[in-house]
**Student:** 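Quick one: the structure is below, questions incoming.
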Amino acid sequence: MSMIDNAGNKAFGQIAPKFAQLSDEVLFSDIWQRSELPARERSLITVAALVALNRKEQLSFHLPFALENGVSHEELTETITHLAFYAGWPVATTALQVLATLPTN
């Protein structure tokens with residue numbers, strides 16, 4: 001079972017059912033499943049955008065999801081380090097703090 005199975009409903013179903021439905025049916029069941037980019041690359045792109053935009057709350061979901069999609073812990077560390085010079089040192093340190101809470105295996 002993937003982290004995205006009913007993720008919208010689990011997170012938002014009680015407070016925003018339509019938002020949850022759109023998350024599950026459009027974002028995760030359509031956009032994330034398109035064949036033009038593998039899930040691994042979509043995860044790297046998503047993590048990069050979340051780091052650059054300082055979206056810590058979403059990183060808590062998308063960093064483990066990236067690991068599930070085959071991105072290694074080392075690749076995530078390198079991505080965040082690289083972004084420090086483009087998105088800013090503070091957002092990179094925040095992202096690294098979130099990543100540090102995850103298992104390295």
**Student:** Testing the basics here: between G8 and S23, what is the closest heavy-atom pair and its distance to 0.1 Å?
**Tutor:**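 Closest approach of G8 to S23: CA-CB, 3.9 Å.
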**Student:** Applying a strict under-4.5 Å side-chain criterion to I, L, V, M, F, W and Y, I'd like to know whether L53 and L59 cluster together.
**Tutor:**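 No; L59 is not reachable from L53 via cluster members.
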**Student:** Provide the full list of side-chain hydrogen bond (donor to acceptor under 3.5 Å, both in side chains) pairs with a residue in residues 41-51, sequence neighbours left out, each pair given once.
**Tutor:**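 Listed by first then second residue: S43-N69.
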**Student:** Indicate if V51 and F61 have the same hydrophobic cluster label, given that clusters are the connected sets of ILVMFWY residues with side-chain heavy-atom separations under 4.5 angstrom.
**Tutor:**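 Result: no, two separate clusters.
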**Student:** Tell me every residue that passes salt bridge (charged side-chain N to carboxylate O under 4.0 Å, His left out) with E36, counting only those two or more places apart in sequence or in another chain.
**Tutor:**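 Once residues adjacent in sequence are excluded, the partners of E36 under the salt bridge (charged side-chain N to carboxylate O under 4.0 Å, His left out) criterion are R34.
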**Student:** Show me the donor-acceptor pairs, under 3.5 Å and distance only, between side chains in residues 76-91 and residues at least two apart or in other chains.
**Tutor:**
| unit_1 | atom_1 | unit_2 | atom_2 | d |
| --- | --- | --- | --- | --- |
| T77 | OG1 | H73 | O | 3.0 |
| T79 | OG1 | E75 | O | 2.8 |
| T81 | OG1 | T77 | O | 2.8 |

**Student:** Looking only at heavy atoms, what is the nearest atom pair of A95 and L63, with distance?
**Tutor:**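 Nearest heavy atoms, A95 then L63: O-CD1, 4.1 Å.
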**Student:** Identify the heavy atoms of A66 and V47 that sit nearest to each other, and give their distance.
**Tutor:**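 Result for this residue pair: CB-CG2, 4.2 Å.
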**Student:** Would you please name every residue forming a side chain to side chain contact (heavy atoms under 4.5 Å, CB included) with Q58, sequence neighbours left out?
**Tutor:**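 Expected list: L50, R55, H62.
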**Student:** Tell me whether N9 contacts the main-chain N or O of D24 through its side chain, where contact means a donor paired with an acceptor under 3.5 Å.
**Tutor:**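 The answer is no, because no donor-acceptor pair under 3.5 Å joins these two groups.
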**Student:** In chain order, what residues pass the ring pair (Phe, Tyr, Trp, His ring centres under 6.0 Å) check against F12, with sequence neighbours excluded?
**Tutor:**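 By the ring pair (Phe, Tyr, Trp, His ring centres under 6.0 Å) rule, F12 matches F19.
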**Student:** Give the cluster check for I31 versus F65: same hydrophobic cluster or not, with ILVMFWY residues linked at side-chain heavy-atom distances below 4.5 Å.
**Tutor:**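 They do share one cluster, since a chain of ILVMFWY contacts under 4.5 Å joins I31 to F65.
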**Student:** Name all residues meeting the side-chain hydrogen bond (donor to acceptor under 3.5 Å, both in side chains) criterion together with Q21; count only those two or more places apart in sequence or in a different chain, and write none if there are none.
**Tutor:**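 With neighbours one apart ignored, the set is K18, E25.
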**Student:** If you group Ile, Leu, Val, Met, Phe, Trp and Tyr by side-chain heavy-atom gaps below 4.5 Å, do L37 and V71 land in one group?
**Tutor:**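 Unlinked, L37 and V71 end up in two clusters.
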**Student:** Quick check: do L96 and T93 have side-chain heavy atoms less than 4.5 Å from each other?
**Tutor:**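 The answer is no; the side chains never approach within 4.5 Å.
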